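Okay, so here's the structure we're looking at.
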Amino acid sequence: MDSAEFHAAVYHVVRQIPPQKVTSYGHVAKLIGMPRHSRHVGQALKWLSPDAAPPVPWQRVVASNGTISSRGPGTDGAQRQRDALAAEGVDVAVSRGGELRVDFGVWGWFPEPGTVDTGVRREPAEGDDELEGEVDEA
DNA sequence: TTATTGACTGGCG
DNA sequence: ACGCCAGCCAATA
């Protein structure tokens, strides 16, 4: 899988996160079959253009402990993520230290790998004709 | 070529 | 709860 496919897989999976649900970078990495690429999931979302169509609900991906990474003092990314989540009804708690976090027990979405469509089926082969309907069975 | 850098994770104290 | 560290691996410098 090259970089473009990795991006595509990340976007495809992230787009399947239901509204009012959140998951972690690490879990997205697992879902696309690359469990050690959690950081690159973040990169893929970082590089995502805001006017992508269809939109990618990047706000539904947070760190494995449920917190939203600050991305540095001078940035507002975490704030925008909180706003985006709040806008769709997700309760984002704010700790005393100003740390943003969501309760995975309530909002978590962690399906088993293989139960979601990664958008990457198999290597295209000669005469590999396929009905477009059978992308998933679960 | 090697070194550093992450929208990270998991373990240990 | 919090901090520190090792592992991780593509992109950058």
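All values reported here derive from a predicted model rather than from experimental measurement. To find a chain, count down the sequence lines: A is the first, B the second, and so on, and within it residues start at 1.
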Original post:
side-chain contact (heavy atoms from CB on, under 4.5 Å) between A:Trp109 and A:Val22: does it pass, once the steps are laid out?
Top reply: CA-CA 6 Å; A:Trp109 182 78; A:Val22 293; over 6 Å; no
Original post:
In whole angstroms, how far is the P atom of B:dT5 from the CH2 atom of A:Trp47?
Top reply: 17 Å
Subject >> Strand contacts (DNA chain C) in residues 23-42 of chain A, 4.0 angstrom heavy-atom criterion >> reply: A:Arg36, A:His37, A:Arg39, A:His40
Original post:
Separation of A:Lys46 atom NZ from C:dA11 atom P, in whole Å?
Top reply: 13 Å
Original post:
Do A:Val62 and A:Trp47 share a hydrophobic cluster (ILVMFWY, side-chain heavy atoms under 4.5 Å, transitive)?
Top reply: no
Original post:
Between A:Lys21 and A:Ile17, which heavy-atom pair has the shortest distance, and what is it?
Top reply: O-CG2, 3.4 Å
Original post:
So, A:His12 side chain and A:His7 main chain: donor-acceptor pair closer than 3.5 Å or not?
Top reply: no
**OP:** Using both pair distances under 3.5 Å as the test, note the stems of at least 3 consecutive Watson-Crick or G-U pairs that include DNA chain C.
**Re:** B:2-6 with C:9-13, B:8-13 with C:2-7
Subject >> Along DNA chain C (nearest heavy atom to each residue), the more 5'-positioned of A:His7 and A:Arg101 >> reply: A:Arg101
**OP:** Could you check whether the rings of A:Phe6 and A:His40 sit parallel, tilted or perpendicular, using 30° and 60° as the cut-offs?
**Re:** perpendicular
Subject >> Distance in angstrom units between A:Gln43 CD and B:dC8 P, rounded >> reply: 9 Å
Original post:
Between the side chains of A:Gln81 and A:Arg60, does any donor sit under 3.5 Å from an acceptor?
Top reply: no
Original post:
What integer distance in Å separates A:Phe104:CZ from B:dC8:C1'?
Top reply: 12 Å
Original post:
Do the side chains of A:Ser24 and A:Phe110 get nearer than 4.5 Å, heavy atoms only?
Top reply: yes
Subject >> Any donor-acceptor N/O pair, A:Arg71 side chain to A:Ser69 backbone, under 3.5 Å >> reply: yes
Subject >> Given A:Val90, A:Leu85, A:Thr23, the one that forms side chain to side chain contact (heavy atoms under 4.5 Å, CB included) with A:Trp107 >> reply: A:Val90
**OP:** Would you jot down, in residue-number order, the residues of residues 77-88 of chain A having a non-hydrogen atom under 4.0 Å from DNA chain B?
**Re:** none
Subject >> Nearest-0.5 Å distance, CG of residue A:Asn65 to CZ of residue A:Arg101 >> reply: 6.0 Å
Subject >> Atom-pair distance (CD on A:Glu99; P on B:dA7), nearest Å >> reply: 17 Å
Subject >> Spacing of A:Ile68 atom CD1 relative to B:dC8 atom C1', expressed in whole Å >> reply: 15 Å
Subject >> OP1 or OP2 of B:dA7 under 4.0 Å from side-chain N/O of A:Ser70 >> reply: no
**OP:** Mind listing the closest non-hydrogen atom pair of A:Ala78 and A:Leu100 along with its distance?
**Re:** O-CD1, 3.6 Å
